[in-house]
Structures are given as C-alpha cells and as structure tokens.
Amino acid sequence: MTTQQSSILLGAGCFWCVEAVFTGLRGIISAEPGYAGGSVDNPSYEDVCTGRTGHAEVVKVVFDPAEIGLEDVLRVFFTTHDPTQLNRQGNDVGTQYRSVIFGDAAQQETARRVRDEIASEGIWPDPIVTSIEGPAHFWPAEEKHHDYFARNPQTAYCAAVVAPKVAKARKLYRDRLKQPD
C-alpha cells in the first residue's frame with residue numbers, strides 16, 4: 001500500500017517549535033526545518049537571523065492526506081502559535097519569525113477558509129495577521145536544527161518556549177498523537 005503525500009510550508013516563529021509540534025502527530029510523515037520566502041539562494045541560519053534576506057523560518061510539513069487532512073494541519077498551525085503577532089512570536093522578533101503559509105492556489109484557498117473559521121471561533125482576541133502566500137522555494141536548515149527539541153529538551157529556550165507549545169499541542173490534539181501520554 002502506497003502512502004499519499006502532500007506538503008506545505010508553515011512559518012510560525014521559531015522552526016524548532018513548529019517541527020516539534022508536528023512531529024508528534026499521526027499522519028505527519030516528516031517535518032523539516034528550513035527557510036522560504038526570501039531573496040537569497042541557500043541562506044544560512046546566520047543570514048536569515050539578520051532579517052535582511054526576507055526569508056522566514058519555516059517547516060516543510062509532509063503529510064498523508066488520508067490520515068490527516070490539510071484543514072487539520074492548518075488548524076494545528078493556527079492554534080499552536082499566536083497568529084495575531086506581526087513579525088514575531090513572543091521574544092523572537094523580526095520578519096524571519098513571521099506567521100506565514102506558503103502553498104499552491106488550492107492550499108491558499110483552504111488556508112483562508114481555516115483562518116476565517118479560527119477567527120470566527122474567537123480563539124484569539126486580536127485579528128489574525130498570518131500571511132498566506134504562493135509557493136516558495138524551500139531551503140533546508142542546517143543539520144544542527146533538525147530534531148532540535150528532541151535532542152536538546154533541557155536548553156533554556158526549549159524548556160521555556162518549545163516545551164509549552166508541544167504540551168499545548170499534545171493537550172489540544174491528544175486524539176491525533178502518534179504516542180499518546
């Protein structure tokens with residue numbers, strides 16, 4: 001039996017958080033950190049951190065649509081980061097930390113619909129500012145950024161920022177976890 005695959009690029013602040021949230025969900029084949037949306041080919045982490053390349057930290061989420069649909073992937077995205085913060089997530093400030101979705105026309109339409117549903121549910125008190133954009137080239141992040149939270153859970157940043165987001169996702173999407181608590 002062949003697994004179907006779809007993918008979408010999601011930026012929601014630090015890619016360590018996004019990768020850690022999606023990696024634990026059933027139907028997610030892979031969640032790879034990287035960069036998209038900028039003007040420089042093959043940027044480094046240091047380049048992107050300057051904010052001058054135009055890239056966002058993103059995660060390429062590859063999923064099996066028979067097990068988790070795009071709507072559900074996007075619902076997880078919109079509820080596990082603050083999509084009302086422009087060019088930041090908490091103390092991570094700059095366009096590289098913007099809330100953004102890069103996808104084809106059908107994915108953009110689905111993203112707008114899910115965004116509007118989330119907005120109408122009143123989950124967030126402020127307007128959602130997530131940018132929904134067309135396809136972008138994905139540049140994989142350096143190997144040291146892959147599985148960062150899994151390899152470094154005790155670092156201060158992971159303990160203070162990543163772990164609470166993962167805990168929130170595990171609570172909200174308990175029925176979708178690969179390994180329930």
Looking only at heavy atoms, which two atoms of Cys158 and Pro164 are closest? And how far apart?
O-CD, 4.4 Å
Distance-only donor-acceptor check, side chains Tyr173 and Thr80, under 3.5 Å:
no
Checking Lys168 side chain against Thr79 main chain: does a donor-acceptor pair fall under 3.5 Å?
yes
Any donor-acceptor pair under 3.5 Å from Arg151 side chain to Lys144 backbone:
yes
Is a side-chain N or O of Thr84 found less than 3.5 angstrom from the main chain of Ile128, in a donor-acceptor match?
no
Mark yes when over 12 heavy atoms from residues, nucleotides or ligands other than Asn91 sit less than 6.0 Å from its CG; otherwise mark no.
no
Which of these passes side chain to side chain contact (heavy atoms under 4.5 Å, CB included) with Leu10: Phe22, Phe78, Phe102?
Phe22
For Ala31 versus Thr23, what's the shortest heavy-atom pair and its separation?
CB-OG1, 3.8 Å
Output the distance between atom CZ (Arg170) and atom CG (Leu25), rounded to the nearest 0.5 Å.
9.0 Å
Determine, for Arg75 against Glu121, whether the closest basic-nitrogen to carboxylate-oxygen distance falls under 4.0 angstrom.
yes
For the pair Asn87 and Tyr97, evaluate side chain to side chain contact (heavy atoms under 4.5 Å, CB included) and give the outcome as yes or no after the intermediate values.
CA-CA 6 Å; Asn87 297 329; Tyr97 300 114; over 6 Å; no
CG/Asp104 to CD/Glu109 distance, rounded to the nearest 0.5 angstrom?
10.5 Å
Do Ile29 and Phe63 have side-chain heavy atoms sitting under 4.5 Å apart?
no
Whether over 12 other heavy atoms sit under 6.0 Å from Arg52 CZ
no
If we ignore angles and hydrogens, is there a donor and acceptor under 3.5 Å between the side chains of Glu32 and Ser30?
no
Count I, L, V, M, F, W, Y as connected when their side-chain heavy atoms are under 4.5 Å apart, and connections chain through other members. Are Val18 and Tyr45 then in the same cluster?
yes
Mind checking whether Val58 and Val48 sit in one hydrophobic cluster, side chains of I, L, V, M, F, W, Y counted as touching below 4.5 Å?
no
Search all heavy atoms of Glu19 against all heavy atoms of His145 and return the closest pair with its distance.
OE1-O, 3.7 Å
Within this structure, what is the CG-CG distance for the pair Leu86 and Asp126, rounded to the nearest 0.5 Å?
12.0 Å
What about Tyr157 and Phe15, same hydrophobic cluster or not, with Ile/Leu/Val/Met/Phe/Trp/Tyr joined at side-chain heavy-atom distances under 4.5 Å?
yes
Parallel, tilted or perpendicular, as decided by the 30° and 60° cut-offs, for the rings of His55 and Tyr35:
perpendicular
Does Val73 share a hydrophobic cluster with Leu172, counting links as ILVMFWY side-chain heavy atoms below 4.5 Å and allowing steps through other members?
yes
Verify side chain to side chain contact (heavy atoms under 4.5 Å, CB included) between Ser99 and Gln85, making sure each step is shown before the conclusion.
CA-CA 8 Å; Ser99 178; Gln85 293 187 344; over 6 Å; no
Is there a donor-acceptor contact under 3.5 Å linking the side chains of Asn152 and Thr155?
no
For Pro135 and Gln108, the nearest pair of non-hydrogen atoms, with its separation, is CD-NE2, 4.4 Å
Is it possible for you to say whether Leu74 and Leu9 belong to one hydrophobic cluster, with membership spreading through side-chain heavy-atom contacts below 4.5 Å?
no
Does Lys60, at its NZ atom, have more than 12 non-hydrogen atoms belonging to other residues, nucleotides or ligands within less than 6.0 Å?
no
For side chain to side chain contact (heavy atoms under 4.5 Å, CB included), just list the numbers for Glu57 and Arg98, CA-CA rounded to whole Å, side-chain angles, deciding distance to a tenth of an Å, and then say yes or no.
CA-CA 8 Å; Glu57 287 192 15; Arg98 66 190 181 270; over 6 Å; no
For residues Gln4 and Pro65, report the shortest heavy-atom separation together with the two atoms involved.
OE1-CG, 3.6 Å
Taking it one step at a time, do Thr130 and Phe77 satisfy side chain to side chain contact (heavy atoms under 4.5 Å, CB included)?
CA-CA 11 Å; Thr130 302; Phe77 167 79; 3.9 Å; yes
Which atom names give the shortest non-hydrogen contact between Asp64 and Ala66, and what distance separates them?
OD1-N, 2.9 Å
Verify the neighbour count for atom CD of Glu71: are there more than 12 heavy atoms of other residues, nucleotides or ligands below 6.0 Å?
yes
With rounding to the nearest 0.5 angstrom, report the CH2 to NE2 distance, Trp139 to His137.
3.5 Å
Between CG of Asp92 and SG of Cys17, what distance do you get to the nearest 0.5 Å?
7.5 Å
Between the CZ atom in Arg26 and the CD1 atom in Ile68, the distance rounded to the nearest 0.5 Å is 8.5 Å
Where the side chain of Gln107 meets the backbone of Ser7, is there a donor-acceptor pair that is under 3.5 Å apart?
yes
Take atom CD of Gln154 as the centre, draw a 6.0 Å sphere, and report whether it contains more than 12 heavy atoms from other residues, nucleotides or ligands.
no
